[in-house]
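Input: a single structure, listed below in structure tokens.
Letters go in sequence order (proteins before strands), and every chain restarts at 1.
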There are 2 protein chains.
Amino acid sequence: MGGSEIRRTMPLFPIGIVMQLADLTARQIRYYEEHELILPTRTEGNRRLFSLNDIDRLLEIKDLLEQGINIAGIKKIFAVSHKENDEVEPVAKKDELSDEELRTLLKKEMMSPGNRNRSSLRAGDLSRFFQ
Amino acid sequence: MGGSEIRRTMPLFPIGIVMQLADLTARQIRYYEEHELILPTRTEGNRRLFSLNDIDRLLEIKDLLEQGINIAGIKKIFAVSHKENDEVEPVAKKDELSDEELRTLLKKEMMSPGNRNRSSLRAGDLSRFFQ
DNA sequence: CGAATAATGTAAGAAAATCTAACATCATAT
DNA sequence: ATATGATGTTAGATTTTCTTACATTATTCG
């Protein structure tokens with residue numbers, strides 16, 4: 001289920017950081033975008049902003065390229081694996097929270113004592129980079 | 001326990017993003033840094049980079065200020081709550097993973113099927129913003 | 001009251017980061 | 001041996017962030 005599938009799509013990272021996290025050059029990242037493997041959003045000033053999902057994507061792309069698959073192949077692979085998700089998850093669950101709402105939640109959590117230093121590992125996504 | 005207390009300290013976010021996430025102006029954020037309530041790292045080119053912990057901090061600062069506590073008070077509060085952590089956690093657990101190691105883990109996780117769309121909520125930190 | 005202080009706003013000029021576009025390189029496939 | 005795919009490199013423009021300095025506003029205190 002998934003009430004919390006909220007913010008992996010949040011545009012947060014400039015390309016410089018993404019380069020480090022994914023170990024790719026700016027040229028590579030822009031090239032993959034050019035071929036629509038990723039679609040980072042833009043700031044008002046036209047700078048790219050990447051989400052965690054975008055970074056996941058880039059890591060997948062990198063991996064598949066290293067396996068000898070070309071861009072066209074990767075595109076098709078993504079098309080398929082995405083259709084899956086789209087079918088499982090009918091459409092917009094309207095689970096958007098405003099930034100304000102999120103901050104409020106966040107503050108409540110943070111100010112409540114006794115829950116620091118959590119540690120459990122969650123599998124399978126970039127949150128491993130954090131926590 | 002905590003083998004995974006790794007990346008909440010990772011410098012990732014430029015000030016523009018932090019402004020949005022914490023709903024603070026650049027002036028405010030720099031002022032708090034000036035008073036050593038946060039200590040973001042810098043890029044080679046002297047741009048500030050904030051970690052998730054830094055953003056937590058900023059949200060705390062904001063909250064405490066709204067409660068009428070001044071910078072000096074907040075500083076003292078942080079000094080106390082930090083001494084706690086320092087004592088509980090003796091010192092460097094040497095739990096640093098290189099970026100390369102992290103990426104490797106990450107790719108393994110991502111390429112393994114059947115663990116997408118997880119949902120469990122973890123309490124008390126900024127990861128709520130993501131996943 | 002009137003002057004200090006604290007927190008934040010604002011502006012200017014410099015420097016860094018990112019953008020697009022174009023051309024170069026290098027391996028692979030035809 | 002020539003075309004194509006993926007990436008490198010460079011140049012010039014634009015955006016973002018930096019520091020510094022001064023302005024504003026509310027509060028405290030003599």
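Residues B/Phe78 and B/Leu37 have side chains in contact (heavy-atom distance under 4.5 Å, counting atoms from C-beta outward). The shortest side-chain heavy-atom distance between A/Leu24 and A/Tyr32 falls under the 4.5 Å cut-off.
B/Ile38 approaches B/Ile29 most closely through the heavy-atom pair CD1-O, 3.9 Å.
For the pair A/Ile29 CD1 and C/dA17 P, the computed distance is 15 Å after rounding to whole Å. Rounding to whole angstrom units, OH of residue B/Tyr31 and P of C/dT10 are separated by 17 Å. Separating the CD1 atom of A/Ile69 from the C1' atom of D/dG5 is a distance of 15 Å, rounded to the nearest angstrom. If you measure from atom CD of A/Glu66 to atom C1' of D/dA6, you get 13 Å, rounded to the nearest angstrom. Spacing between atom CD1 of A/Ile71 and atom C1' of C/dT28 amounts to 15 Å, rounded to whole angstrom units. One interatomic measurement links the two molecules: NE2 of A/His35 to P of D/dG5, which rounds to 8 Å at whole-angstrom precision. The distance between atom CD1 of A/Ile61 and atom P of D/dA6, rounded to the nearest whole Å, is 11 Å. The distance between atom CG of A/Asn70 and atom P of C/dC26, rounded to the nearest whole Å, is 22 Å.
Here the side chain of A/Asp54 pairs a donor or acceptor atom with the backbone of A/Ser51 at under 3.5 angstrom. A donor-acceptor contact shorter than 3.5 Å is absent between the side chain of B/Arg57 and the backbone of B/Ile55.
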Nucleotide-resolved protein contact map, nucleotides 14-29 of chain D, B/S/- at heavy-atom distance under 4.0 Å: BSSBBB----------
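Put simply, A/Tyr32 has no side-chain N or O that comes within less than 4.0 Å of OP1 or OP2 on D/dA6.
Applying the side-chain hydrogen bond (donor to acceptor under 3.5 Å, both in side chains) definition to pairs two or more places apart or across chains, those involving residues 37-46 of chain B are B/Glu33-B/Arg42, B/Arg42-B/Asn46.
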